[in-house]
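Notes follow the structure.
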Amino acid sequence: MKTLQAIRGMPDTLPVDTGSWQWLERKVQDLVQSYGYQEIRMPILESTHLFARSIGEVTDIVEKEMYTFADRNGDSLTLRPEGTAGCVRAAVQHNLISTPQRLWYRGPMFRHERPQKGRLRQFQQIGLEAFGVATPDADAELIALSARLWRDLGVADAVQLQLNSIGSLEARAAYKAALVDYLSAFKGELDEDSQRRLETNPLRILDSKHARTQEFLTNAPNLHDFLDEESVNDFARLKAYLDGAKVAYTVNPRLVRGLDYYNKTVFEWVTTELGAQGTICAGGRYDGLVAQLGGKPTPGVGFAMGLERILLLLGAQGIEAPSTLPLAFGVGVGEAGERACFAGIEALRSSLPQFDIRLNTGAGSFKAQMKRADKSGAKVALIWGETEAQNNTVTLKFLRDDEPQITLANSLLAQELERISNTM
RNA sequence: GUGAUCGUAGCUCAUCGGGUAGAGCACCGGAUUGUGGCUCCGGAGGUGGUGGGUUCGAGACCCAUCGGUCACCCCA
């Protein structure tokens, strides 16, 4: 029989790695809750229309990266490629945003792209969305929160904040026209992708990696000259908030985002440590999206971070989740010893529930059991043999310290282990 | 979607067209019949990703396919 395999780009997370995941998720969860964000859980499947309407019909995500298929009744469904659209849908559907609301979510997102470093077809994001606040303090708080996360994780020195304002929809439309007008003169000399984008998504030409295309952009119209007054003011206020909180940033006038719903603030946290996929966290303001999806006009701002990329960065920086080793490992020799061991370990789990205490299962020779005790990393082996079983005692052998082993009554074991744990 | 590169034991890798495909680590057992780590000895573990082709003979060469990796496009 052919070996069954996971779907391409949708890897299993194995026990050797889940500790890091749990550590990271816990850190993020604690932080966002301390800022008043409440968790919301959305389905991973939504109506295809939701994404097409919010992300934009001509974006790469919608045009070629979505997992879309027909439900049994013919409805077109899509595995969510990002979280904001579903979050807005849920918030509108359940009337969560009649007052300002801070929401966060986590879970898998799906995009049908060729896998590479830092890019998978199923990947995990944690996203935050703040609804109902039009002023840039909301943007600033989100950015400050993310900056704090990098500090908490110990990667602050490896990431940089790129910041920009892309203005109102109207300002952007005017700029888009001017840019197309300017670049059309060189159309034949632009790279192929940029020529195509001239028709579909001209703003994305700005961050083209082609040197020659970038040359033509040197004298191109500047987005900031087209910004509406409100966007200019809000951007200045945002920068003042960040300056006051000592959050460093680089204004990048070429920073645009791939999703259509953004306006005013856009930002990305980037690193040079991860190769080609250096964005670990990105977001911006989307004041028109709620209304666009049928809700009452409500401003919004949010971001999402890619957990795999953050874990890669932590790895590159040599930062590891603190690992915990078991306190004790129970070894039972002979039938009476095994029974005494099982009972003794279960009793310990009742009296010392805060500790990691392991039990040898599957018998094995004394020697084999001691090997397992050592391999478990436990501080102490708890040995029940024939003699111990007969006398209601247990022998403690210290596996990490140069201390003689001791034998004591079962009834004193929990107390003794607790004492030992304090000296760890 | 495009390109490059790689698939041999659980893991890291040898073998580079010629006899039953090897090593280290890990695993199991023994030396030490109630004591782990160090050492020594032994054992188990493979349809060489899969399917075709070339050849007297293929793990090795060719093609296809699946998968990994990295990059492009794009994005978290």
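Every chain is numbered from 1, with letters handed out A, B, ... down the list of sequences.
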Requested in this report: Specify the separation, in whole Å, of atom CD of A/Q277 and atom C1' of B/C70.
Outcome: 11 Å
Query raised in the report: With A/R89, which residues qualify under side chain to side chain donor-acceptor pair (under 3.5 Å), at least two apart?
Result: A/E46, A/Q93
Query raised in the report: Looking across every strand, which nucleic acid part, if any, lies under 4.0 Å from A/L120 by heavy atom: base, sugar-phosphate, or nothing?
Result: base
Report task. I would like to know whether A/Q162 and A/Y249 meet side chain to side chain contact (heavy atoms under 4.5 Å, CB included); could you show each step before the answer? Result -> CA-CA 6 Å; A/Q162 302 266 308; A/Y249 54 87; over 6 Å; no
Query raised in the report: A/R102 pairs by side chain to side chain donor-acceptor pair (under 3.5 Å) with which of A/E129, A/Q33, A/E141?
Result: A/E141
**Report entry** Sugar-phosphate, base or nothing in reach of A/G362, heavy atoms under 4.0 Å
**Finding:** nothing
**Report entry** B/G59 and B/U54, which share atom name C1', separated by this distance in whole Å
**Finding:** 16 Å
Query raised in the report: Using 4.0 Å as the upper bound for N to carboxylate O, is an ion pair formed by A/D356 and A/R358?
Result: yes
Report summary line: In whole angstroms, the gap separating C1' of B/C75 from CD of A/Q124 amounts to 16 Å
Report task. Can you tell me which stems RNA chain B forms, taking runs of 3 or more consecutive Watson-Crick or G-U pairs with both distances under 3.5 Å? Result -> B:1-7 with B:66-72, B:10-13 with B:22-25, B:27-31 with B:39-43, B:49-53 with B:61-65
Query raised in the report: What nucleic acid atoms does A/A373 come within less than 4.0 Å of, heavy atoms only: base, sugar-phosphate, or nothing?
Result: nothing
Query raised in the report: Which whole number of Å gives the distance between the C1' atom of B/G3 and that of B/C11?
Result: 30 Å
Report task. For A/Q369, report the nucleic acid contact type (base, sugar-phosphate, nothing); a contact means any heavy atom under 4.0 Å. Result -> nothing
Query - Distance, C1' atom - from B/U47 to B/C40, rounded to whole angstrom - result: 35 Å
Query raised in the report: Got A/P322 and A/W23 here, is their nearest side-chain heavy-atom distance under 4.5 Å?
Result: yes
Report task. Could you check which residues of residues 305-314 of chain A get a heavy atom under 4.0 Å from RNA chain B? Sort them by number, please. Result -> A/G306, A/R309
Requested in this report: Would you indicate whether A/Q390, at its atom CD, is surrounded by more than 12 heavy atoms from other residues, nucleotides or ligands within a distance under 6.0 Å?
Outcome: no
**Report entry** side-chain hydrogen bond (donor to acceptor under 3.5 Å, both in side chains): pairs with one or both residues in residues 321-346 of chain A, sequence neighbours excluded
**Finding:** A/E346-A/R349
Query raised in the report: Rounding to the closest angstrom, what is the interatomic distance between B/A64 and B/A71 at atom P?
Result: 25 Å
Report task. For B/U8 and B/G46, measure between their C1' atoms and round to the nearest Å. Result -> 8 Å
Report task. State which of B/G34, B/C75, B/G68 makes the closest approach to the side chain of A/R8. Result -> B/G68
Query raised in the report: If each of A/G118 and A/S365 is mapped to the nucleotide of RNA chain B with the nearest heavy atom, which maps nearer the 5' terminus, i.e. the 5' end?
Result: A/S365
Query raised in the report: Less than 4.0 Å between a side-chain N and a carboxylate O, is that true for A/D152 and A/K27?
Result: no
Report task. Give the intermediate values and the outcome of side chain to side chain contact (heavy atoms under 4.5 Å, CB included) for residues A/F235 and A/L227. Result -> CA-CA 10 Å; A/F235 194 47; A/L227 290 187; 5.6 Å; no
Query - Identified side-chain contact (heavy atoms from CB on, under 4.5 Å) counterpart of A/L163 within the set A/V266, A/I143, A/V247 - result: A/I143
Query raised in the report: Is it true that A/D234 and A/K239 make a salt bridge, defined as a side-chain N closer than 4.0 Å to a carboxylate O?
Result: no
Query - Charged N-O contact under 4.0 Å between A/R80 and A/E82 - result: no
Requested in this report: Write down the distance between CD (A/E386) and C1' (B/U33), rounded to a whole number of angstrom.
Outcome: 13 Å
Requested in this report: Tell me which nucleotide among B/C75, B/G1, B/G36 gets nearest to the side chain of A/T279.
Outcome: B/C75
**Report entry** Which nucleotide in B/C72, B/C75, B/U35 has an atom nearest any side-chain atom of A/A276
**Finding:** B/C72
Query raised in the report: Would you say A/E320 has more than 12 foreign heavy atoms packed within less than 6.0 Å of its CD?
Result: no
Measure all distances between protein nitrogen or oxygen atoms and nitrogen or oxygen atoms of nucleotides 2-7 of chain B, and list the pairs falling under 3.5 Å.
unit_1, atom_1, unit_2, atom_2, d
B/U2, O4, A/R114, NH1, 3.0

Query raised in the report: How long is the span from the CG atom in A/L79 to the NE2 atom in A/H112, to the nearest 0.5 Å?
Result: 11.0 Å
Requested in this report: Pick the P atom in B/G49 and in B/C41, then give their distance to the nearest Å.
Outcome: 32 Å
Could you go over nucleotides 24-28 of chain B and give all protein N or O partners under 3.5 Å, atom names and distances?
unit_1, atom_1, unit_2, atom_2, d
B/C27, OP1, A/K375, NZ, 3.1

Query raised in the report: Hey, does the side-chain of A/Q116 have a donor or acceptor N/O within less than 3.5 Å of a partner on the base of B/U69?
Result: no
Query - Between C1' of B/G1 and OH of A/Y67, the distance in whole Å - result: 13 Å
Query raised in the report: Base, sugar-phosphate, or nothing: which does A/K117 touch, judged by heavy atoms less than 4.0 Å apart?
Result: sugar-phosphate
**Report entry** base_contact_polar (B/G34 base, A/Q405 side chain, donor-acceptor, <3.5 Å)
**Finding:** no
Query raised in the report: Rounded to the Å, how far apart are A/I61 CD1 and B/C73 C1'?
Result: 13 Å
Query raised in the report: Distance between the C1' atoms of B/U32 and B/U69, in whole angstroms?
Result: 47 Å
Query raised in the report: Could you state the CE-C1' distance from A/M66 to B/A76, rounded to the nearest angstrom?
Result: 17 Å
Report summary line: Assign each of A/E388 and A/R257 the nucleotide of RNA chain B bearing its closest heavy atom; nearer the 5' end lies the nucleotide of A/E388
**Report entry** Sugar-phosphate only, base, or nothing, as touched by A/L399 at under 4.0 Å among non-hydrogen atoms
**Finding:** base
Query - Whole-Å C1' distance, B/G18 and B/G10 - result: 31 Å
Report task. Rounded off to whole Å, could you give me the CE-to-P distance for the A/M370 and B/U33 pair? Result -> 15 Å
Requested in this report: Please report the shortest heavy-atom distance between A/T271 and A/Q160, naming the atom on each side.
Outcome: CA-OE1, 4.3 Å
Requested in this report: Nearest whole angstrom, please: distance from the P of B/G30 to the CZ of A/F366.
Outcome: 14 Å
Query - Euclidean distance, A/K176 NZ relative to A/L169 CG, rounded to 0.5 Å - result: 8.5 Å
Query raised in the report: Any idea which of B/G1, B/A76, B/C73 is nearest the A/D60 side chain?
Result: B/C73
**Report entry** More than 12 heavy atoms from other groups under 6.0 Å of CD on A/Q38
**Finding:** no
